[in-house]
Protein chains: 2
Amino acid sequence: MQYKELDVNSVLDFIIDIPSIKEYFGDASLNVAEIGDGNLNYVYIVRSDDDANKALIVKQAVEYLRCVGEEYALSRERMSFEIRAMKKAYAILPKHIPKIYYENEDMSLVIMEFLGRHEIMRKGLIEKEQYPNFTEHISTYLSFFLFYTSSLYLSSDAKRKLIDEFNANTELCKLSEDFVFTTAYMDDETNDNENIVNNDDAKRLFNDMEFKAKVLELKYKFMTQTDALLHGDLHTGSIMLNKEQTFVIDPEFAFVGPFGFDIGALIANLVNNYIHHSIVTHDAKQQAYLLTTIQEVLKKFERKFLDLWTQHTSSALIADGFLDARYLDIYKKKFILNILRESIGFAGAKMARRVYGVAGVEEIRGIDDMMLRHKAEKMALSIAREFVMHYENIKTIDEVLEMIQSER
Amino acid sequence: MQYKELDVNSVLDFIIDIPSIKEYFGDASLNVAEIGDGNLNYVYIVRSDDDANKALIVKQAVEYLRCVGEEYALSRERMSFEIRAMKKAYAILPKHIPKIYYENEDMSLVIMEFLGRHEIMRKGLIEKEQYPNFTEHISTYLSFFLFYTSSLYLSSDAKRKLIDEFNANTELCKLSEDFVFTTAYMDDETNDNENIVNNDDAKRLFNDMEFKAKVLELKYKFMTQTDALLHGDLHTGSIMLNKEQTFVIDPEFAFVGPFGFDIGALIANLVNNYIHHSIVTHDAKQQAYLLTTIQEVLKKFERKFLDLWTQHTSSALIADGFLDARYLDIYKKKFILNILRESIGFAGAKMARRVYGVAGVEEIRGIDDMMLRHKAEKMALSIAREFVMHYENIKTIDEVLEMIQSER
């Protein structure tokens with residue numbers, strides 16, 4: 001099949017004859033609306049005219065980076081990696097991944113479950129929503145996904161095959177290399193330059209060589225450490241949830257990279273939201289909720305990851321009986337502490353890049369009052385710096401919480 | 001072409017019609033002899049009857065690990081990786097790589113330059129040979145090969161393509177995972193078990209959990225760190241040289257792995273030779289020569305690697321101007337120190353595995369006098385332990401030399 005960029009008018013023609021879609025909708029006539037608010041792709045919702053709750057999502061990648069414009073070319077093959085990553089995640093943990101009804105790599109298109117009763121986490125959190133099951137769900141997602149795609153579980157052969165499947169996702173990895181670790185800390189046309197002109201904080205950041213050298217170390221880890229399959233862009237905009245359910249969406253950035261990158265992305269975005277409620281709403285309850293959420297995500301991840309490791313005693317890395325129980329325990333504790341540390345390091349880079357780089361977060365860049373916005377930016381940079389400069393010395397999760405609270 | 005295992009009788013029939021081979025030998029009649037003394041493959045020398053100096057090497061991989069036997073299956077695709085690695089290395093540094101005259105991946109066979117005036121370094125060193133140009137040559141080889149295949153030089157895209165080319169060399173990577181990092185430290189049928197029975201040193205090693213936990217950390221780096229394309233088995237048996245020239249051969253273990261692994265392999269084998277001359281020949285001059293060699297390899301590698309980095313100011317890792325000169329310098333010094341540290345860590349594992357594991361080294365396992373052999377083993381384990389336990393704290397190359405000399 002030849003690739004064709006669809007629009008809100010041609011989507012129906014394309015999907016109408018797909019058996020699984022016909023089966024889902026039955027004989028009902030359908031309507032389509034574009035709901036894309038992502039940075040990269042076009043997203044449509046197809047609904048039954050008979051039953052508004054009966055709906056599917058059609059997502060198609062185009063040949064450019066949507067949030068920058070057609071001049072920023074980006075090959076649509078990223079959709080192939082998204083489809084592969086969704087399927088892998090679904091196989092490991094179907095509960096937290098939307099069901100795929102149809103996929104077509106030629107068309108760079110996927111049709112999946114519509115999460116009608118769920119909201120984007122970022123929006124919910126801005127509106128002071130709380131999700132009692134979130135930390136339980138996301139810690140399961142993170143621990144299962146990272147453990148079962150790592151050398152702690154896979155055979156050497158299976159691990160290399162996994163690398164093979166995602167190794168060619170160069171362009172999206174390059175976006176992270178550039179936007180997370182590079183251009184956000186120096187003069188670049190993709191930055192939010194209106195806010196950078198005559199901005200002492202930006203100047204200070206761009207000249208903070210000590211900080212940037214540490215960012216470079218994190219970038220090197222990102223580029224060369226193949227711990228596990230990552231979502232690659234696990235911010236709160238990639239999570240759809242309600243009080244009962246949690247889904248992880250949009251894994252087009254998937255690649256085999258460092259354990260801490262997904263955890264760090266999530267923590268960074270929770271902290272950004274905490275900053276919003278510290279500076280804008282002053283809602284103490286929501287601030288406390290966010291801090292507890294961060295703590296629980298980290299604690300539960302740690303426990304569940306170690307539980308999985310206990311269940312699987314032999315792996316590509318550790319032959320059964322190689323270490324005695326005591327030293328195996330010491331080894332594992334050091335290993336998991338290192339994941340925590342790197343997660344916080346990556347969280348710092350992820351926070352800092354959102355301040356002046358391309359694609360800021362609503363919680364900070366969306367603040368209309370420029371004085372408050374600058375205050376929030378200052379606070380974000382301050383926590384980010386704390387994270388990036390000191391992540392290698394963190395010993396406990398509580399220290400992370402202290403780092404967040406000590407910065408104003 | 002269908003694969004066919006050749007022998008000393010069928011080699012000639014196979015090569016006789018290959019144009020590049022015909023061109024090389026002219027009309028002369030040829031003779032063949034098997035010279036394979038490697039662990040993995042069959043190696044033949046084809047000579048002109050008219051001129052004994054006119055000769056080529058024919059190397060063919062078979063479907064098993066030669067040094068263990070036909071029951072240890074090992075797919076012959078390893079030859080494809082050897083051919084690819086030789087070509088990459090030849091493109092970067094033709095001076096130190098044998099010229100390829102013919103290659104055939106279907107036949108898992110390569111025909112290359114015969115190094116008639118060169119000897120295997122291990123043998124030469126045992127016979128107290130000295131090579132005045134070796135450190136200059138091998139430091140060039142290591143620095144060029146590691147730098148030009150790393151993210152300090154390659155684009156993100158080129159680096160991922162490189163990973164792609166070698167990622168499937170699973171079986172040989174698995175051999176290293178098993179033999180270098182695992183089975184040599186626990187009961188295993190592949191070990192030199194005759195020497196292990198009733199051997200307190202072996203018992204101590206197998207129960208040294210503190211040491212083994214550190215070996216596990218090195219194994220994890222080996223499995224998940226994609227710094228640069230490695231030779232993968234750079235011991236002194238993979239180096240052919242004389243006083244003027246140095247060649248690196250046999251890169252079938254090639255894969256994209258940690259910077260320190262090749263350097264570590266070389267250092268380990270130089271130290272093993274040093275041990276031999278300390279315990280067996282008591283030749284103080286040769287001992288001093290080996291220590292100087294180790295020091296010069298490390299110092300010259302460091303200088304040349306940094307020189308290459310200075311020549312290439314922009315890379316996948318560092319955008320030009322991202323750091324100022326002072327911090328770039330600090331970053332590079334930390335980076336190269338980390339390579340030194342990991343090299344010594346890997347050297348320790350490489351030394352320890354040779355003591356009781358499969359495929360010992362001539363310098364130690366070849367000692368006929370069992371008392372002396374045990375003394376040499378003790379010394380090797382002692383230095384290896386020093387390396388593995390303390391590599392992360394090394395600050396200078398001189399410290400490495402001290403670590404070697406302090407163990408008896």
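Side chains included, hydrogens not; waters and symmetry mates left out as well; all remaining heavy atoms used. Throughout, a chain's letter reflects where its sequence line sits, starting with A, and its residues are numbered from 1.
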Checklist entry - Do you know which of B:Tyr331, B:Phe335, B:Tyr185 has the most heavy-atom pairs under 4.5 Å to chain A? => result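 With the most close heavy-atom pairs to chain A, the winner is B:Tyr331.
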Checklist entry - Any idea which of B:Ala316, B:Pro258, B:Ser155, B:Ala319 has the most non-hydrogen atom pairs under 4.5 angstrom with chain A? => result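 With the most close heavy-atom pairs to chain A, the winner is B:Ala316.
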Under 4.5 Å from a heavy atom of chain A, the part of [X] involved:
X        : value
B:Phe181 : backbone
B:Lys221 : neither
B:Phe259 : side chain
B:Met223 : both
B:Glu171 : neither

Minimum heavy-atom separation for [X] and [Y], please, with both atom names.
X        : Y        : result
A:Leu216 : B:Leu317 : CD1-O, 3.6 Å
B:Ala213 : A:Leu323 : N-CD2, 3.7 Å
A:Gly321 : B:Met186 : C-CE, 4.2 Å
A:Ser156 : B:Lys174 : OG-CD, 3.6 Å

Checklist entry - Quick one: OH on A:Tyr220 to CD1 on B:Ile318, what's the gap to the nearest 0.5 Å? => result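 Result: 10.5 Å between the selected atoms.
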Checklist entry - For the atom pair OG1 (A:Thr170) and CG (B:Asp157), what is the distance rounded to the nearest 0.5 Å? => result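 Going from the OG1 atom of A:Thr170 to the CG atom of B:Asp157 covers 5.0 Å.
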Name the region of [X], side chain, backbone, both or neither, that has any atom closer than 4.5 Å to a heavy atom of chain B.
X        : answer
A:Phe206 : neither
A:Met209 : both
A:Phe322 : both
A:Lys159 : side chain
A:Phe255 : side chain

Checklist entry - Does CD belonging to A:Glu189 count more than 12 external heavy atoms closer than 6.0 Å? => result no
Checklist outcome for this item: Greatest number of non-hydrogen atom pairs under 4.5 angstrom with chain B, of A:Gln225, A:Lys214, A:Arg326, A:Glu217, falls to A:Glu217
Item to check | For chain B, the option from A:Asp164, A:Leu328, A:Thr226, A:Asp178 that forms the most heavy-atom pairs under 4.5 Å | outcome: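 Going by pairs under 4.5 Å, I would pick A:Thr226.
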